[in-house]
Amino acid sequence: MSFDRRDFLKYIGMAGVAAGAGVVMLDKTINDKDKVLGTAVAQAETKGNGHQSAEVKPGELDAYYGFWSGGHSGEVRILGVPSMRELKRIPVFNMDVGSGWGITNESKALLKGRFCGDTHHVHGSYKDGVYDGKYLFVNDKLNNRVARIRVEYMEVDKILDVPNIQGMHGLFTQRYPKTEWLVCNSEFQIPVPNNPSDVPQDKYYGCHTIIDAEKMEIVCQVMVDENMDLAATDYGGKYSMTTSYNIEKGVTVSEMLASDFDYMLVFNWDRIRKALKEGKFKVIEGVKMIDGREGKSDIVVRIPVAKNPHGINISPDGKYAVCSGKVSPNCTVVAIDKLDEVYSGKIKPKDCIVAQPYIGLGPLHTTFDGRGNAITSVFIDSTNVKWNIQKAIDAEKKGAEEKKKNEHIVDVLDITYQVGHIMATMAETKEADGKWLVSLNKFAKDRFINVGPLKNECEQLVDISGDKLKIIHDSAQYIEPHDCIIVRRDIIEKHVKDRFNMFEHPLAVTRSGVERKGKKVTVKLTANAPVFGLQEVKVKKGDEVTVIVTNNDEISDLGHGFALSNYNINFVVAPFQTKSVTFTADKPGVYWAYCTNFCHALHLEMRMRIIVEKA
Amino acid sequence: MVPGCIHPGTISLNTIWYKSSCIMNQKRNKYRRVMQRTILLCLYIIMVFTSSTLYAAQSKYFEHRYEYKLEDVMKAEKFAQKERYWEAYAGVKIIGYVFLSKDWTERHVGYSGKHMETLIGIDTSGNITGVKLLFHSEPIVLIGLKEDNYQEYLKQYTGKNAIKGLTFGNEIKMDAITGATVTAAVQHAIITESAKKVAGIAGMTKHTQDKVRKISSKSDILNWKDLVDAGAVKNILITSEELALEGKEAYLDLYIGLVSPPSIGKNVLGERFYNEIMEALKPGETPVFIFSMGAGSFKGSGFARGGVFERFSIEQEARVFNFTDKDYRILTEVAAKGAPKPKEGGVFIIRGKEFEPSNPFKLKLMLPYRVGTEKKFKTSGVEYKLPDRFLE
C-alpha cells in the first residue's frame with residue numbers, strides 16, 4: 001500500500017516537473033494573451049509516462065486499429081484502441097445473417113458449406129518489419145483453413161484449405177523484406193496422409209505449412225515428428241519458428257507431459273527453397289511435402305526449451321525469440337543471430353539460448369514495449385510480468401546466485417482473471433511504441449453485470465507507457481477472442497476505402513432487368529435510395545432464381561439490404577458493392593423483398609414484390 | 001381534404017399523381033370522415049410514389065422539370081443567343097443577360113447528387129432580374145417542404161446585386177426552406193457563381209488578374225504561434241455572447257490554412273499525414289485544413305447522410321467551391337507545438353484547376369445554432385492570403 005502511494009507521489013512529482021517545463025517555455029516564447037496555449041504544451045509533455053487517458057470523447061477517434069480474432073465465433077473483429085469500442089465484425093469462417101456472409105453466392109463459394117471456425121491469430125502483411133496495410137490473414141484451427149482479408153474493404157477475399165494437418169494453431173506472416181510467404185502450424189499430429197486411419201501413433205506427424213500470400217496457394221509443407229502451436233517469423237526474412245509441446249507424440253495428457261523438455265523448432269527458408277528447387281519432396285494430397293524429421297534433412301533446428309512451452313514472440317529489435325514456458329515458470333530467450341552458427345554446425349542448438357529467466361507460474365505469451373522490456377502473460381498467477389531482456393541475459397552470464405535475485409523483473413500486475421494472450425501496441429513490428437497493452441483474460445466473473453451462466457470475456461487495457469503497468473479499463477467481449485494485433489491508425493486508415501470498385505465484380509448491375517433461360521431466372525437489381533430498380537418480378541414455381549443486387553449509391557456509409565420474406569434470404573451491399581443469391585422459388589404467392597439496412601427517409605418504402613406464380 | 005389536391009404541383013410528375021390520387025380518393029369517399037389527418041398524409045405520400053412509379057421510369061423518381069421561356073426571368077424586346085448566354089435587348093441596347101446555370105456551374109450538385117438547373121437573368125449592372133428553377137430532384141418533400149417553398153426561396157434573389165456579393169444568411173434568408181440546408185447552400189452557389197461568371201464575361205467586373213506565383217518548397221519548422229504570427233492560419237471567432245447564448249467561451253473558434261506549402265502543411269498535419277494528402281492529389285488540386293474548437297460545428301453532421309458539407313464554402317473571385325465527403329479526410333490532431341486540440345477538423349480538397357492557391361480566397365461560413373429550441377443562422381467569413389514567405 002505504502003509502496004503504491006510512494007509511486008503515486010513520484011508520478012505527481014513528474015507531472016509537476018513537466019508542467020513546470022511548459023510554464024518556462026510559455027514565458028520564453030508566448031506572451032500573456034496566449035496563455036491558453038501553454039496549457040496544451042504542458043499536457044502534451046506529460047502524455048505517456050504512465051499517465052495516459054483512454055477516454056475517447058464524442059467525435060474523437062482512436063489512435064489504433066485493433067484486429068481481434070474471434071475464437072470459436074469464427075470472426076475477426078476490429079476494435080478501436082484505447083477506447084476498446086467494437087467497430088466492426090468481419091465474418092470469416094462463420095455465417096453472419098446481418099451482412100449475408102454464408103448466404104450470398106460469393107461467400108458460399110469461399111465457405112463451401114462450412115460455417116464453424118475457430119480463428120486464433122490475425123496478422124497483417126508486412127513491408128520491412130512494419131505492416132503495409134494490404135492484407136490481414138487469419139487461421140481456422142477447427143477446419144484447417146487460412147483466410148485473407150483485404151484491408152481496403154475489410155472483407156475476406158480468399159479462403160484456402162490446408163490438407164495434411166489438424167489443429168492449425170499458429171500463423172505468422174513474413175516480415176522482411178515483405179510478405180511473400182506466411183506460415184501456419186499443426187498442433188495435432190495425424191497420419192500423413194490421413195488415410196488409412198489405422199496408423200500407429202508414432203507415425204503421426206505435424207506439418208509446417210508455407211503459403212504464398214499473394215496467390216493464396218500452398219508453397220509446400222515440412223513434415224516433422226513434433227506438434228507445433230504458436231508461430232513466428234524473424235525480422236531478417238530467413239526463418240520461421242514455432243514451439244512444440246508434444247515431442248512425445250502423446251495422445252493423452254500424461255503422455256504429452258512425459259518429457260522433461262520440449263522444442264522450439266526453427267525452419268530455414270533458404271534451405272526450404274533449395275529443397276523445392278532440387279525436387280526433394282513428395283506430393284501428398286497435392287502438396288509438396290518436405291521431410292523435416294530429425295536426421296532426414298538440414299532444414300529444421302530443434303532447440304530444447306523448458307517443458308510444454310506455448311508462445312513464441314520476437315523482440316522488435318529482431319534480436320531475440322522468447323518462448324514462454326507454460327508448464328515451466330521460465331521464458332527461454334534465443335539469440336536469433338546465433339541460428340546461422342547452429343545451421344553451419346559451429347554450435348549446438350542449445351548454445352543459442354542466452355537466458356532462461358524466472359517469470360512466474362504459467363508464462364504464456366510475451367509482448368514488447370520497444371524500450372528493451374518484455375511483458376509476459378502469466379496464466380496460473382494471473383499476472384502480467386514486465387521484465388528487462390538485457391538484465392535477464394546479464395544475470396544468466398553471472399550465474400545462478402545472480403539469477404535468484406530476479407532483478408530483471410520490473411513490475412508485476414495482477415489482472416482479473418486468467419490471462420491468455422497479451423499484446424502491446426505495434427509490438428509485432430519494429431516500431432513497437434510501448435503505449436498500451438491488452439490483456440485477453442478468460443474469466444469475467446464479477447467484472448460485469450451477470451449475463452447468465454455463459455459469460456462474456458474480460459479484456460483489460462493496460463497503460464505501459466510508464467515504469468509501472470496500470471490497468472485503465474475493462475471491456476467485455478463475446479466468444480472468445482484469442483489473440484490480437486494493435487496497429488497505429490495512420491498505417492491502416494489511408495488504405496481503407498469508402499466504396500467498392502463497382503466493376504471488380506463481373507456481375508455489377510447498372511441497369512435492372514430480368515433474364516430467363518429455361519427454368520433459370522436472373523433478376524438484376526440496382527439499389528438506389530429509396531428504390532430497387534424493379535418494382536415487381538414474376539417467376540414460376542420451381543424456377544431457380546438468381547438475384548444480383550448492386551448498390552448504385554455512391555455516398556459513403558449508404559448501404560442497402562436485400563431481404564426476401566419467407567425465403568430466408570438477407571444480405572447487405574455497401575456503396576458500389578455487388579452481391580448475389582440463388583434460390584428455388586418453391587412457394588407460390590406474393591413475396592415482398594425489402595431493404596433491411598437503413599438507407600433513406602423512405603427506407604420502409606424501399607421494397608418490391610417477387611410474385612411466384614403457379615408453374 | 002387531401003393535401004395533394006389543394007396544392008397540385010406544377011407540371012409533369014406532379015400532374016400525374018394529382019390526377020390519379022384524386023380518382024382514388026373519390027372511391028374512398030365514404031371512409032374519409034373516419035380518417036385522421038395524419039393517416040391521410042401517409043396515404044398521400046404512399047400514393048405519390050406508388051402512382052408515380054406506375055407512370056414514370058424509376059430513374060425519374062424524384063425529378064421535377066419545368067418548362068421555361070427566357071422572358072420568365074427578364075423583360076426584353078428580343079434575345080440574341082450567344083455561346084453560353086442570351087443577350088437581352090430593348091431596341092438596339094443590351095439591357096441584360098439570361099443564362100442557364102448548367103452552362104456555368106454544372107459541377108455543383110445537391111443532396112440528390114444532381115445539378116439544380118436554373119435559368120437566371122441579370123441586368124447590365126449585375127442586378128438579378130429573375131431566377132427560375134428548371135430541373136431538380138432534391139427530396140425536399142421528405143422533410144415536409146413543398147415545391148412552393150423552393151420557388152418561394154428563389155424569389156428573394158430577384159432585385160439583389162450579384163456583383164456586390166450575396167451572402168447566404170444575410171441578403172439571402174433560408175427561412176423558406178429551413179432544414180433543406182444542403183439544397184439551399186448548393187442552390188445559392190449555383191446562382192451566385194453563375195451570375196458572377198457571366199458578369200465577368202460581359203465586362204461588368206474588372207478582372208484583376210493577380211499574378212500567379214509558385215508555392216515555396218521550403219520546409220521550416222514552425223510552432224503554432226509562429227504559424228499564427230506569419231498569417232499561415234486565419235481565424236474565425238464567434239463568441240457565445242454575440243449569439244445571445246450562455247457561457248463565456250467561444251461558440252466557434254475556427255482556423256483555416258493552406259496545406260500545400262511544406263512549412264505550413266507539415267507543421268500542422270505532421271509529416272506523415274501531409275505526405276499522404278499531397279501524394280493523393282491530382283494536378284491542380286489544392287488542400288486546405290479547417291479545424292475548430294467550441295460547441296459549434298462547422299462540419300455539421302448532415303454530410304454523413306447527404307455527402308455535402310453545407311455549412312461552409314470557399315470562394316475565389318466568381319468561383320464557389322463546396323465540398324463533399326469524397327473531398328475530405330478527417331483531421332483530429334494538429335502537430336504544431338502549442339496548437340490547440342481540435343474538437344473537429346478536416347482536410348478538404350479543392351478539386352479542379354480553377355482555384356489559384358497563391359491568390360486570396362474567402363472561407364464563408366453559415367453556422368446554424370439554437371437559442372432554446374429555435375434554430376438560427378450566423379454567417380461569418382474570413383479572407384485568406386498566403387503570406388509571401390510561403391511563396392517563391
Side-chain angles (χ1 to χ4, degrees), chain A residues 22 25-26 28-31 33-45 56-63 488-491 493-495 498-499 510-512 525-536 552-558 575 598-606 608, chain B residues 42 45-46 48-50 52-54 57-59 61-62 111-113 139 141-144 223-226 228-229 250 253 270-273 275-277 279-280 293 297 299 301 303-308 324-326 328-345:
Chain A
M25 235 194 87
L26 184 77
K28 268 189 199 160
T29 59
I30 302 164
N31 54 30
K33 76 176 164 66
D34 290 322
K35 232 171 197 163
V36 63
L37 299 182
T39 324
V41 172
Q43 278 165 358
E45 298 286 317
V56 177
K57 295 195 180 99
E60 290 182 354
L61 302 185
D62 283 296
R488 239 177 32 234
R489 186 179 125 201
D490 64 277
I491 292 173
E493 195 176 35
K494 63 184 170 198
H495 297 285
D498 280 316
R499 53 191 68 76
T510 52
R511 179 172 292 186
S512 300
L525 288 174
T526 57
N528 264 100
V531 283
F532 291 113
L534 299 170
Q535 286 290 286
E536 65 171 56
N552 278 236
D553 275 306
E554 194 176 5
I555 291 165
S556 69
D557 211 5
L558 209 175
F598 176 81
C599 64
H600 193 276
L602 292 177
H603 165 64
L604 295 178
E605 287 81 351
M606 183 164 173
M608 61 178 282
Chain B
C42 293
I45 291 171
I46 291 165
V48 165
F49 295 113
T50 48
S52 65
T53 51
L54 290 173
Q58 287 306 309
S59 61
Y61 202 73
F62 284 121
Y111 193 89
S112 59
V141 67
L142 300 182
I143 51 172
N223 67 27
W224 182 247
K225 186 178 180 298
D226 297 335
V228 173
D229 289 348
D253 185 9
E271 181 131 12
R272 205 151 44 199
F273 191 25
N275 290 339
E276 268 177 56
I277 293 285
E279 280 161 20
M293 285 67 65
S297 168
K299 286 201 291 198
S301 48
F303 76 96
R305 174 58 184 79
V308 180
T324 74
D325 58 4
K326 282 197 281 184
Y328 156 75
R329 283 281 304 269
I330 193 166
L331 175 69
T332 53
E333 271 174 54
V334 176
K337 215 168 182 173
K341 165 102 181 110
K343 184 175 153 274
E344 58 175 35

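Convention: sequence-line order gives letters A, B, ...; per-chain numbering from 1.
- Applying side-chain contact (heavy atoms from CB on, under 4.5 Å) to A:E60 and the options B:K341, B:E333, B:K343 leaves one that passes, B:K341.
- Neither the backbone nor the side chain of A:R511 comes within contact range of chain B; no heavy atoms are under 4.5 Å apart.
- Between B:D325 and A:S556, the shortest heavy-atom distance links the atoms OD2-OG, 3.1 Å.
- Between A:R488 and B:R272, some side-chain heavy-atom pair lies under the 4.5 Å cut-off.
- In this structure, the side chains of B:E276 and A:E493 stay at 4.5 Å or more apart for every pair of heavy atoms.
- Of the listed residues A:L61, A:D557, A:D490, the one with more heavy-atom pairs under 4.5 angstrom with chain B than any other is A:D490.
- Put simply, OG1 on B:T324 and CD on A:E554 are 8.0 Å apart, with the number rounded to the nearest 0.5 Å.
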